[in-house]
Amino acid sequence: MTGDIELTGDTDLAAFVRGLPKAELHLHIEGTLEPEMLFELAGRNGVELPFTDEAAVRAAYSFTDLQSFLDIYYQGAAVLQTGQDFYDLMAAYLRRAHADGVRRAEMFFDPQTHTERGVGFDVFMEGFTSAMADAETATQISSGLIMCFLRHLPGEAACDTFRAAEAWLDRIIGVGLDSSEADHPPEEFAEAYAMARAAGLRPVAHAGEEGPPSYITGALDALGAERIDHGVRCEEDSALVRRLAEAQTPLTVCPLSNLALCVVDDLAGHNLKRLLDAGLKVTVNSDDPAYFGGYVADNYLAAASALGLTRAELAQCARNSLEASFAPADQKQAWLADLDAFLAPA
Ligand code: ADE
Ligand code: ZN
């Protein structure tokens with residue numbers, strides 16, 4: 001439903017977008033590490049960085065594809081060592097998300113990136129969860145954690161990671177699949193996902209970012225994915241587009257990420273609006289905002305400007321995000337009522 005919504009008042013578009021109650025459903029917490037914090041934590045932990053200053057870091061953020069980004073992203077994550085580091089990272093993101101109108105954030109984290117450096121679940125989970133609780137007390141922002149398996153590592157490593165997370169499963173809402181997509185089909189992770197689903201975790205997966213539409217089908221069929229992260233290459237398979245539309249499978253689309261990683265040549269050529277017009281449940285997200293030049297509201301605004309999205313279409317994306325969230329139904333209803341009230345003030 002993307003019918004015209006007449007809004008009263010002279011709210012400008014940025015204020016409108018920030019005011020829209022929304023959920024962010026595709027956000028890697030390690031991808032919120034801003035250069036300032038990178039240097040601060042490197043200093044705090046005695047980690048040597050291959051950059052002289054923040055400007056040099058930003059200059060290095062010029063990517064040609066997903067892998068060129070991941071190489072820098074994993075390097076950056078090495079400064080995260082103590083519970084306080086993970087707390088600070090999470091607290092900073094949730095402050096920004098709240099300022100962007102986010103009522104609910106469902107955030108990816110990459111345990112294998114940390115455990116392989118000797119930083120265990122107790123360290124990062126303590127840091128993340130205490131920052132999430134403090135943020136909820138301070139701003140009412142609701143949040144949940146989705147544990148991602150790294151797909152450049154074997155399926156068996158994903159199973160081991162799931163077992164290592166056992167003591168923390170009640171603090172994790174779902175599982176995801178990220179990292180290098182090419183040549184790493186979802187089927188390799190079927191066993192880890194089966195264990196996660198049996199434990200009550202909600203399955204999502206990156207698919208169709210760089211990889212082919214068959215990886216989207218594989219994520220749905222072999223992993224039981226309830227949402228597809230990115231999914232923009234679904235357009236190459238018209239039967240898949242129909243399937244996604246009929247099932248109203250949410251796509252967590254990340255326009256500035258797709259631009260930064262050369263998934264699209266320019267934002268005007270992004271298929272977000274076409275997917276919306278085809279009736280897919282499109283949501284707008286930031287992916288790795290510290291690396292791609294914008295948080296969630298910036299993504300709405302960049303898409304609006306490049307694709308000429310109407311306020312009604314932006315509101316539809318926000319509505320989709322709230323509906324697609326894994327929060328309890330009563331909370332979702334309350335946020336959706338807030339959205340309706342925002343769109344049609346009494
Ligand atoms: N890890 C962090 N960001 C990612 C992305 N956009 N795709 C795959 N893995 C990621
Ligand atoms: Zn991602």
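Just so you know, these numbers use all the heavy atoms, side chains as well, and skip hydrogens, waters and symmetry mates. Read the numbers this way: they start at 1 and go in the same order the structure lists the ligands and their atoms. Treat the numbers as computed from the prediction; the structure is a model and nothing was measured. The residues of the chain are indexed from 1 along the displayed sequence.
Inside a sphere of radius 2.8 Å centred on the Zn ion (ligand 2), the protein N/O/S atoms present are His26 NE2, His28 NE2, His206 NE2, Asp287 OD1.
For the atom pair SG (Cys148) and CZ (Phe108), the distance works out to 5.0 Å, reported to the nearest 0.5 Å.
Formation of a donor-acceptor pair under 3.5 Å by the Asp100 side chain with backbone atoms of Val102 is not found in this model.
Residue pairs meeting the side chain to side chain donor-acceptor pair (under 3.5 Å) criterion with at least one partner in residues 126-139, sequence neighbours excluded, are Tyr87-Asp134.
The ring of His114 has its center no closer than 6.0 angstrom to the ring center of Phe121.
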### Message
Before you tell me yes or no, could you show the steps for Gln84 and Asp88 under side chain to side chain donor-acceptor pair (under 3.5 Å), namely the whole-Å CA-CA distance, both residues' side-chain angles and the distance that decides it to 0.1 Å?
### Response
CA-CA 6 Å; Gln84 187 67 48; Asp88 292 349; 2.8 Å; yes

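In this structure Arg96 satisfies the side chain to side chain donor-acceptor pair (under 3.5 Å) test together with Tyr295, sequence neighbours excluded.
Under the 3.5 Å distance criterion, with hydrogens and angles disregarded, no donor-acceptor pair is assigned to the side chains of Arg227 and Thr252. In this structure, a donor-acceptor pair under 3.5 Å is present between the side chains of His26 and Asp287.
Using a heavy-atom distance under 4.0 Å as the criterion, the protein contacts of ligand 1 are His28, Leu66, Phe69, Leu70, Tyr73, Asp178, Ser179, His206, Glu209, His230, Asp287, Asp288.
Residues His28 and Tyr291 form no side-chain contact, since every pair of their non-hydrogen atoms from C-beta on lies 4.5 Å or further apart.
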